[in-house]
**Q** 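Right, I'll just put the structure down here and ask away after.
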Amino acid sequence: MPELPEVETIRIGLEKYLVGHIVNDVIVKTPKIFSGNKKDLLGSKIIKVRRFGKVLSIDLSSSFSILIHVKLTGQPIYRGPNLKNSPRVSNKVIGGIQGKHTHVIFKLDRNGFLYYNDVRKFGWIKVVKTSDVEKTGFIAKLGPEPFKGLTLEIFKNILSKSKTNIKVLLMNQEKIAGIGNIYANDALWLSKIDPRKVSNSIPESKVKDLYEAILKVLKEGIKRRGASELTFVTPDGTEGTYQKHFLVYGQEGKTCPRCKNTKIVKIKLGGRGTYFCPNCQK
DNA sequence: CTAGGATCCTGTCAGC
DNA sequence: TGCTGACAGGATCCTA
């Protein structure tokens, strides 16, 4: 699922392709996922692309921004002059670059296009004033983010105040921003912590291990341009490769790669699939 | 504050 | 082969 590394990969791609383009038109085919006034975008230039947790902000010269949350299956895909040697498009682009799952099309100058595709239609796009981006509901409530505000001290503090199980806490965007199911599972395996463990009962040394594991798996995810599980693709329509390096996520029934004597188990926590090794995660 | 369930949506897959 | 139903999942909302 698109989490911090996947959304950061999208951000890097959009920054590379979109900056300098002018938005000439916006075609909204599915009004449900689009809010705000498209007129606030027309004729203005794209200046930068930011990320807040799992949300993207495309900032324009008109002092308005396009916020995009891709949720599970959203795919912002670029075609145009900034894309050198048009890459072969992944079959994870369901329905094609422009097809029945294309809900919004941004027409750019110089024959450029940004397509927003989304099979499940859980994602959303909002046009807001750039000065209001950080005051916008979802973004305003985000907790500190790994690689930004989140330090070990803050992390310890967050855990010490929570009686929720650690897996659910890690995925709570209001506590820590950017972590989702894949990286929560892998970070807990790496730091040998049982995902059911109550957050404030984890000893201090293990909290440090977990903090470092989170940074490590997120970095690995970014390095591999995200995990193309489900329908994730980058803005050029190609896949990332972290899915080839999952530690425990999706590995139910396989032998734990560390202790090599126990099978990875799948349970549900907070309604989400949770994978762990009952032998080495305590 | 926390837990659990329903909701949104549709492709995929198991079972018959 | 073809149909039916269960399932997945980020975030939100509601109830307990």
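Reminder, nothing fancy here: chain letters follow the sequence lines and each chain counts from 1.
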**Q** Does the plane of the ring in A/W124 sit parallel, tilted or perpendicular to the ring in A/F138? Use 30° and 60° as the thresholds.
**A** perpendicular
**Q** A/Y115: what forms a ring pair (Phe, Tyr, Trp, His ring centres under 6.0 Å) with it, not counting sequence neighbours?
**A** A/F113
**Q** Please work out if A/Q173 contacts a base, only the sugar-phosphate, or nothing of the nucleic acid, heavy-atom cut-off 4.0 Å.
**A** sugar-phosphate
**Q** May I ask you to list the residues of residues 194-204 of chain A, by number, that have any heavy atom positioned under 4.0 Å from an atom of DNA chain C?
**A** none
**Q** Just say parallel, tilted or perpendicular for the rings of A/Y249 and A/Y275, cut-offs at 30° and 60°.
**A** perpendicular
**Q** Return yes if a side-chain donor-acceptor contact under 3.5 Å exists between A/H103 and A/D118, otherwise no.
**A** no
**Q** Does anything in residues 211-233 of chain A pair up under ring pair (Phe, Tyr, Trp, His ring centres under 6.0 Å), and if so which pairs, sequence neighbours excluded?
**A** A/F155-A/Y211
**Q** Cut-off 3.5 Å, side chains only: do A/N200 and A/S160 have a donor facing an acceptor?
**A** no
**Q** Mind jotting down which residue pairs meet the salt bridge (charged side-chain N to carboxylate O under 4.0 Å, His left out) criterion with at least one end in residues 195-210 of chain A? Sequence neighbours excluded, please.
**A** A/K156-A/E204, A/D194-A/R196, A/K208-A/E212
**Q** For a 4.0 angstrom threshold against heavy atoms of chain A, report the outermost contacting nucleotides of DNA chain C in 5' to 3' order.
**A** C/dA8 to C/dT12
**Q** Between protein and nucleic acid, restricted to nucleotides 1-3 of chain B and to nitrogen or oxygen atoms under 3.5 Å apart, what atom pairs and distances do you find?
**A**
residue, atom, partner, partner atom, Å
B/dT2, OP1, A/K163, N, 3.3
B/dA3, OP2, A/T164, OG1, 3.3

**Q** Using modelled atom types and a 3.5 Å cut-off, is there a donor and acceptor pairing between side-chain atoms of A/S65 and backbone atoms of A/S57?
**A** no
**Q** Checking A/F52 now: which residues fulfil ring pair (Phe, Tyr, Trp, His ring centres under 6.0 Å) with it, not counting sequence neighbours?
**A** none
**Q** Can you establish whether the number of heavy atoms outside A/K282 located under 6.0 Å from its atom NZ is more than 12?
**A** yes
**Q** Is a side-chain N or O of A/E145 found less than 3.5 angstrom from the main chain of A/L150, in a donor-acceptor match?
**A** no
**Q** Apply side chain to side chain contact (heavy atoms under 4.5 Å, CB included) to residues A/K38 and A/D25 and explain how you reach the verdict.
**A** CA-CA 8 Å; A/K38 72 174 196 180; A/D25 200 5; 3.9 Å; yes
**Q** Spell out, as yes or no, whether a donor-acceptor pair under 3.5 Å connects the side chain of A/T30 to the backbone of A/K32.
**A** no
**Q** Contact class for A/G273 vs. all strands (heavy atom < 4.0 Å): base, sugar-phosphate, or nothing?
**A** sugar-phosphate
**Q** Can you list, by residue number, the residues of residues 218-240 of chain A that have a non-hydrogen atom closer than 4.0 angstrom to DNA chain B?
**A** none
**Q** Applying ring pair (Phe, Tyr, Trp, His ring centres under 6.0 Å), which residue pairs with at least one partner in residues 165-195 of chain A are found, sequence neighbours left out?
**A** A/Y183-A/Y242
**Q** Please list, pair by pair, any protein nitrogen or oxygen found under 3.5 Å from a nitrogen or oxygen in nucleotides 8-11 of chain B.
**A**
residue, atom, partner, partner atom, Å
B/dC9, O4', A/R120, O, 3.2
B/dT10, OP1, A/K121, NZ, 2.6
B/dT10, O2, A/R120, NE, 3.1
B/dG11, OP1, A/H101, NE2, 3.3

**Q** Is the closest basic N to carboxylate O distance between A/E15 and A/R11 below 4.0 Å?
**A** yes
**Q** Which residues satisfy the salt bridge (charged side-chain N to carboxylate O under 4.0 Å, His left out) test with A/E239, sequence neighbours excluded?
**A** none
**Q** Ignoring hydrogens and geometry beyond distance, is a side-chain donor-acceptor pair present between A/T274 and A/K167 at under 3.5 Å?
**A** yes
**Q** Given Watson-Crick or G-U pairs with both distances under 3.5 Å, what dot-bracket string fits DNA chain C, with | for other-strand pairs and [ ] for crossing?
**A** .|||||||||||||||
